[in-house]
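Written below as structure tokens is the structure these notes are about.
Letters A, B, ... mirror the listed sequences (proteins, then strands); counts begin at 1.
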2 protein chains.
Amino acid sequence: MEQKEETLSTRRIFEGKIINLRVEEVKLPDGRTATREIVEHPGGVSIVAVKDNGNILLVKQYRKPAEEALLEIPAGKLEYGEDPEVCAKRELLEETGYEAGYIKHLMTFFTTPGFSNEKMYLYFAKNLVKHTAHPDEDEFLEVYEYTPENLLEMILQNQIKDSKTIIGILYYLKMRNSL
Amino acid sequence: MEQKEETLSTRRIFEGKIINLRVEEVKLPDGRTATREIVEHPGGVSIVAVKDNGNILLVKQYRKPAEEALLEIPAGKLEYGEDPEVCAKRELLEETGYEAGYIKHLMTFFTTPGFSNEKMYLYFAKNLVKHTAHPDEDEFLEVYEYTPENLLEMILQNQIKDSKTIIGILYYLKMRNSL
């Protein structure tokens with residue numbers, strides 16, 4: 001049976017600064033209908049940025065939805081139409097002050113395909129050159145660096161709680177010899 | 001500087017079947033204000049379920065927000081107040097027909113802390129006993145099984161595109177000798 005849901009009608013609920021919300025009536029493979037609540041997001045980038053000393057850069061920022069400050073790899077949202085690699089270099093520089101001499105796309109994934117179309121483009125960066133950080137005006141960031149082994153321990157202790165960060169670090173640990 | 005955002009006012013935009021949406025006006029650490037768009041989600045569970053032959057169970061289902069069918073580890077959303085481990089065993093049984101003789105919590109993470117409070121509780125299950133699958137009435141699932149090595153290759157080829165699934169598999173590959 002082909003797994004496809006045809007849109008029968010769409011109701012736009014909200015248009016925001018970061019996300020929009022729409023509700024769709026869809027036709028299921030067996031002909032019945034169902035409702036799908038869909039958060040529209042422009043997509044984001046995140047970067048596993050490795051310094052010459054082998055440490056990985058993280059930023060700590062308060063996340064209102066989580067109601068706590070989280071340690072995350074540098075990341076940001078795409079402007080509509082923006083090239084993800086350009087965005088990744090920009091966000092890395094703005095958030096950490098480091099310019100990437102080398103950058104490479106690792107993979108792209110859906111963060112929450114059950115209720116959002118957000119795609120996350122994950123990059124690896126090295127040959128970092130230090131400049132000055134310029135976070136967005138409503139961002140309050142602290143920059144940290146840790147060894148990959150430290151970060152694995154922090155994942156296993158559940159001190160790192162952000163999905164893209166866990167993916168980036170586990171991927172790097174698995175594949176760093178071929179990057 | 002303490003990284004905390006105090007809520008000044010809340011506007012409720014939408015109450016849905018799966019998600020709600022609210023918009024908050026918050027006070028930043030420097031005293032200025034900003035807007036935060038927050039998708040409320042009851043939280044979810046997902047399960048790395050390993051058969052006695054070493055294969056990992058996956059389900060394929062059409063995800064309307066992604067507009068494609070995705071291969072994912074079995075997962076589901078929490079009922080409000082439900083114990084995540086009870087939910088994980090229930091979802092595994094409903095989606096795949098397998099009952100877990102052994103289940104263990106691996107970690108909990110935020111899927112998208114930038115715009116949602118969704119927490120994902122990740123479990124490991126083994127000693128599986130086959131019964132009959134009973135998916136929800138609006139779920140059309142196909143059950144698959146792959147070796148861990150196959151799944152790593154599929155991640156590297158970007159054929160697996162779901163964040164919780166990538167985390168579950170990479171975590172399992174890293175830690176399986178101590179599970």
I need the minimum non-hydrogen distance between [X] and [Y], along with the two atoms involved.
X        : Y        : answer
A/Leu170 : B/Tyr171 : CD1-N, 3.8 Å
B/Pro65  : A/Asn117 : O-CB, 3.2 Å
A/Phe110 : B/Glu68  : CE1-OE2, 3.6 Å

Please tell me whether [X] and [Y] are part of a single hydrophobic cluster in this structure, the criterion being side-chain heavy atoms less than 4.5 Å apart.
X        : Y        : value
A/Leu141 : A/Leu57  : yes
B/Ile169 : A/Met120 : yes
B/Tyr146 : B/Val59  : no
A/Ile73  : A/Leu128 : no
B/Tyr102 : B/Val50  : yes

Looking only at heavy atoms and a cut-off of under 4.5 Å, which of [options] has the most pairs with chain A?
options                               : result
B/Thr112, B/Val26, B/Thr33            : B/Thr112
B/His41, B/Arg22, B/Glu72             : B/His41
B/Leu152, B/Leu106, B/Thr111, B/Thr35 : B/Thr111

Whether over 12 other heavy atoms sit under 6.0 Å from B/Arg11 CZ: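 Result for CZ/B/Arg11: open.
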More than 12 heavy atoms of other groups within 6.0 Å of A/Lys77 NZ: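 Buried by this count: over 12 neighbours within 6.0 Å.
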Contact part of [X] toward chain B, heavy-atom cut-off under 4.5 Å: side chain, backbone, both or neither?
X        : answer
A/Gln157 : neither
A/Ala34  : side chain
A/Glu40  : neither
A/Lys60  : both
A/Leu70  : side chain
A/Met175 : side chain

Top of A/Leu173, A/Thr108, A/Thr165, A/Asp162 for chain B proximity - count of heavy-atom pairs under 4.5 angstrom: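 Most pairs with chain B among the choices: A/Thr108.
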To the nearest 0.5 Å, how far apart are [atom1] in [X] and [atom2] in [Y]?
X        : Y        : atom1 : atom2 : result
A/Tyr62  : B/Lys4   : OH    : NZ    : 3.0 Å
A/Ile155 : B/Ile167 : CD1   : CD1   : 8.5 Å
A/Ile166 : B/Met107 : CD1   : CE    : 4.5 Å

Step-by-step side-chain contact (heavy atoms from CB on, under 4.5 Å) determination, B/Glu118 to A/Phe115: CA-CA 11 Å; B/Glu118 186 191 22; A/Phe115 68 87; 3.4 Å; yes
Side-chain heavy-atom pair [X], [Y] within 4.5 angstrom cut-off:
X        : Y        : answer
A/Asn158 : B/Phe109 : no
A/Lys17  : B/Glu37  : yes
B/Arg36  : A/Ile18  : no
A/Leu21  : B/Ile13  : no

Between A/Lys64 and B/Thr7: side-chain donor-acceptor atoms closer than 3.5 Å: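 Indeed, the side chains of A/Lys64 and B/Thr7 share at least one donor-acceptor pair under 3.5 Å.
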Side-chain (B/Glu5) to main-chain (A/Arg63) donor-acceptor, under 3.5 angstrom: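 Answer holds: no.
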Which atoms of B/Gln159 approach chain A - backbone, side chain, both or neither, heavy atom under 4.5 Å: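 Contact with chain A involves no heavy atom of B/Gln159 at all.
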